[in-house]
Amino acid sequence: MAALFYLLALPLLSFQFCSCALSWRIMTTGSHIRAEDHEKIFLLSPDTTFSCGFHELGTNAFTFSIWYTYTNNRTVVWTANPYSPKGGYSPVNKYGSRISLNRDGNLILTDTNGSTVWESKTSSGKGTTVTLLNSGNLVINDSSNNIVWQSFHSPTDTLLPGQNLTKDTRFNSTRIAVLDDMGNFVSSDGFKIQASDLGPGIKRRITMDYDAAPVYLSHTRVGMVGVTQKEAKQILATGNVSDIVDNRLHGHFKPEQAIAMVSVALSCLEERSKRPTMDEIVKTISTGSSLKVDHGKTFLISPDTTFSCGFYSSGAGTNAYYFSIWFTHAADKTVVWTANPGSPVNGHGSEISFTPDGNFILTDVNGSTVWESRTSWGKSTTAALLNNGNLVIRDSSDSDKEWQSFDSPTDTLLPSQRLTRETKLVSQSGNHRLYFDNDNVLRLLYNGADITSIYWPSPDYNALQNGRTRFNSSKIAVLDDEGNFLSSDGFKMTASDSGFGVKRRITIDSDGNFRMYSLNASNGNWTVTGEAVLQMCYVHGLCGKNGICEYSKGFRCICPPGYEMADRMNWSKGCRPRFKINCGNPQDFTFIKIPHGDFYGFDLTSNKSISFEECKQICLDRCLCSSFTYKAGEGLCYTKELLYNGQVYPYFPGNNYIKLPKKKLAQEDDMDIVDARLKGRFNQEQVTVMVKIAVSCLEERSKRPTMDQIAKDLMAYDDDEDIHPAYF
């Protein structure tokens, strides 16, 4: 079935003023325009009929094109980087891509990583200019005004009046076809189309549309067949492929293979931005595919092998597996997405299946469904793992039906993947989240078993004070290919090794901080090249309930006096009291000082301009008071009911005082080591701190305190004058 040509007419437009103050009529060497400025017109024809610049295809996908200025849909008539059967489709990235007229006279289109996507291959030197003519022809002239290149010589899918189509006939060696200003399309082989509105003064074009093109399938086993697009869709709907298979095969073919081929052929006729590349076609799987966990094979791999998809072990010696996507060449096979976080499947008998109805299903050994894509779109459904790490499921018969892993991130964000109002990153522990809040600000949240609290940006300041804006409601954050993590609220993180060509990721780690990582291609190891929280003790939940985060070379968790670790293997479980909590008489309690300590939030009361003794009495008089923080300068007093987010920071201008029963202190083992001659008259805080220092000196070397830190701790309890009677 021959392809059909359509002669499309654009009604004569009355003159319209073009508000293109930022457009150019002529371009000189050294000029360029960026893809992120796509709303600006690059070049404009003198009569404003045609415009040239970056044309947006979809999310973060652009072409350098020429289009009719005044059509509603900006009808494109030429594209520098169109789809090709050999290389597929190659739109450029919004961020960092540019079209430049180099000083040597070469017009060049580069992607965000600096790679050349298209070039005019002209080297006419200084004095070279680029103009867009009234005919829609983009021309490059040398310093003598000679045309050295023109877009009319490399048409894509459209022919404009005055533009010749050449080398496409068989017996007439002139091989020319042209559309004239009257509406006649005349070919040297005798073919002619005449516009139904024949006459001068009308804007027209000849375009080969994709919807009427025939579908051709070829395969060594299935033969060469031609069907229309409508017939192909019917084949996918019914599953009946017997009529399109070469009769010489005598029925010896795989129906699912033929259906997959029809599906791929249809996908190549989609809008350009949705067409697969040849590599993606090769790596695409069709319905009916499956993989068992114990087969140890990769289910899908991206065309450039950067990413792999399949079953991933939760750790050595375990029988728990996840269906995940990971960096193929990273030393630790770093996972970037998981279908079933928190719900691993058995290492024997579990299976991932691409069912005949188009649904991706992960089943456990007992047959129960652990996860599914919910894409029951029929036999025309295909799946592919793209070079950017995105797992995509498409219905080839309906371009609006698409599922992608990028829409449901787990703990990692990849370049070009968007964090939006509908998505969030969750740490593997499940306790920390990166998300957009109701006020449009990007935040880190601790979501523990007992409490929920925001810790980044600092909750002590408003959005403006934190350098953010609440007035951009788009709620989008993205990591670009150059190493910039940009958020719509104004936050920006730039990789310390910023530049193109490096594999990067944004991950919210189990410790509650989100970091940017860059991959060392030579050894497969990751390097932290950016992080959100610089002082780790500001992260909530690190040391659990009653725990204290203490700054050392990094940070370490400790329990306050009278408390012990709830779980020796997990600091996030916090500390538990070694005494029974009851109200009793206020005189039965005392306090142990934690220099420069505080527990953030959960204030029982707050007062200012009061004395230390008054603050202490408030806590003694309240049964629910567990400690208090006092800042001497302003006389600020905060009594605490719950002890969460504790930290000791050297520059904090206050101290915290832990409330403990006196009876418990008398029973503490460390009190037995005090010289008996003191007869119980000694500073209990001093003894506790000294024992604590002694024990810390027996830790692993990396965790031992420095002599400076020991001196500071002892000086905090050093009285100006020791007048104890035992020393006289």
Side-chain angles (χ1 to χ4, degrees), residues 8 10 12-13 15-35 37-57 62-82 91-92 97-103 105-110 117-122 124 126-165 178-181 201-207:
L8 305 179
L10 180 64
L12 180 63
L13 296 171
F15 179 78
Q16 302 179 45
F17 178 75
C18 180
S19 57
C20 303
L22 295 174
S23 61
W24 301 343
R25 297 298 175 93
I26 189 169
M27 182 186 185
T28 58
T29 54
S31 306
H32 74 271
I33 190 171
R34 304 175 305 173
D37 299 325
H38 62 93
E39 294 182 355
K40 300 176 184 178
I41 293 175
F42 182 51
L43 286 170
L44 188 68
S45 63
D47 65 358
T48 74
T49 297
F50 293 97
S51 299
C52 176
F54 281 99
H55 179 71
E56 186 173 13
L57 297 172
F62 289 81
T63 57
F64 179 64
S65 303
I66 301 170
W67 62 86
Y68 276 101
T69 307
Y70 301 116
T71 54
N72 292 332
N73 61 350
R74 283 191 167 189
T75 309
V76 172
V77 298
W78 178 83
T79 295
N81 51 323
V92 295
S97 301
R98 62 170 58 188
I99 183 78
S100 310
L101 181 57
N102 291 348
R103 299 192 183 280
N106 192 20
L107 188 64
I108 186 167
L109 174 65
T110 53
V117 178
W118 172 87
E119 60 181 322
S120 62
K121 297 182 180 179
T122 51
S124 39
K126 293 182 179 180
T128 303
T129 58
V130 180
T131 53
L132 181 61
L133 307 184
N134 287 338
S135 61
N137 190 12
L138 183 68
V139 298
I140 301 178
N141 297 85
D142 61 17
S143 57
S144 301
N145 208 31
N146 298 313
I147 296 178
V148 295
W149 179 92
Q150 55 182 307
S151 61
F152 267 21
H153 285 173
S154 55
T156 47
D157 63 353
T158 296
L159 206 66
L160 294 173
Q163 182 177 6
N164 292 335
L165 184 67
V178 64
L179 172 65
D180 65 24
D181 291 331
I202 297 176
K203 305 296 182 185
R204 297 184 178 91
R205 60 186 170 95
I206 288 284
T207 298

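Side-chain atoms are counted along with the backbone in the values below, which use heavy atoms only and exclude waters and symmetry mates.
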Side-chain (T69) to main-chain (T49) donor-acceptor, under 3.5 angstrom: yes

Listed by chain and number, what are the side chain to side chain donor-acceptor pair (under 3.5 Å) partners of S124, not counting sequence neighbours? T128

Can you tell me if T29 uses its side chain to pair, donor with acceptor, with the backbone of K126 under 3.5 Å? no

Any donor and acceptor pair, going by atom type alone, linking the side chain of W67 with main-chain N or O of G53 inside 3.5 Å? no

Which heavy atom in L132 sits nearest to a heavy atom in P46, and how many Å separate them? O-CD, 3.3 Å

Please report the interatomic distance CZ(R74) to CD1(I66), rounded to the nearest 0.5 Å. 13.5 Å

Start with the C-alpha gap between I99 and L107, add the side-chain angles, then the distance that decides, and say whether side-chain contact (heavy atoms from CB on, under 4.5 Å) holds. CA-CA 7 Å; I99 183 78; L107 188 64; 4.0 Å; yes

To the nearest 0.5 Å, how far apart are CG in D157 and OG1 in T79? 7.0 Å

Per side-chain contact (heavy atoms from CB on, under 4.5 Å), L165 is matched among V178, I206, L159 by L159

Are the side chain of N134 and the backbone N or O of S45 linked by a donor-acceptor pair below 3.5 Å? no

Can a donor-acceptor pair be found, under 3.5 Å and without considering hydrogens, that links the side chain of N106 to the backbone of I108? no

Validation row: L133, Q150 side chains within 4.5 angstrom (heavy atoms): no

Between S100 and N102, a side-chain donor and acceptor under 3.5 Å: no

Who are the side chain to side chain donor-acceptor pair (under 3.5 Å) partners of D180, not counting sequence neighbours? N184

Validation row: S154, W149 side chains within 4.5 angstrom (heavy atoms): yes

From I140 atom CD1 to M27 atom CE, the distance as rounded to the nearest 0.5 Å: 9.0 Å

Is I147 close to F152 at the side-chain level, that is, under 4.5 Å between some pair of heavy atoms? no

For residues R205 and T207, is any side-chain donor paired with an opposing acceptor at under 3.5 Å? yes

Least distance between heavy atoms, L138 atom then W78 atom: CD2-CZ3, 4.2 Å

Return the minimal non-hydrogen interatomic distance between T28 and T129, and the atom names on each side. CG2-CG2, 4.4 Å

Check whether any side-chain heavy atom of F50 lies under 4.5 Å from a side-chain heavy atom of N137, and answer yes or no. no

Between CG of N81 and OG1 of T63, what distance do you get to the nearest 0.5 Å? 5.5 Å

Side chain proximity check, V77 to Y68, heavy atoms < 4.5 angstrom: yes

Value for OG1 (T48) from CG (L44), rounded to nearest 0.5 Å, stands at 6.0 Å

Might you point out which heavy atoms bring G105 and S120 nearest each other, and give the distance in Å? O-OG, 4.5 Å

Least distance between heavy atoms, Q163 atom then P155 atom: NE2-CB, 3.4 Å

Does the side-chain contact (heavy atoms from CB on, under 4.5 Å) test come out yes or no for R204 and L179, once each step is laid out? CA-CA 9 Å; R204 297 184 178 91; L179 172 65; 4.2 Å; yes

Going from CZ on F64 to NE2 on H55, what distance comes out if it is rounded to the nearest 0.5 angstrom? 13.0 Å

Closest heavy-atom pair and its distance - L160, G136: CD1-CA, 4.1 Å

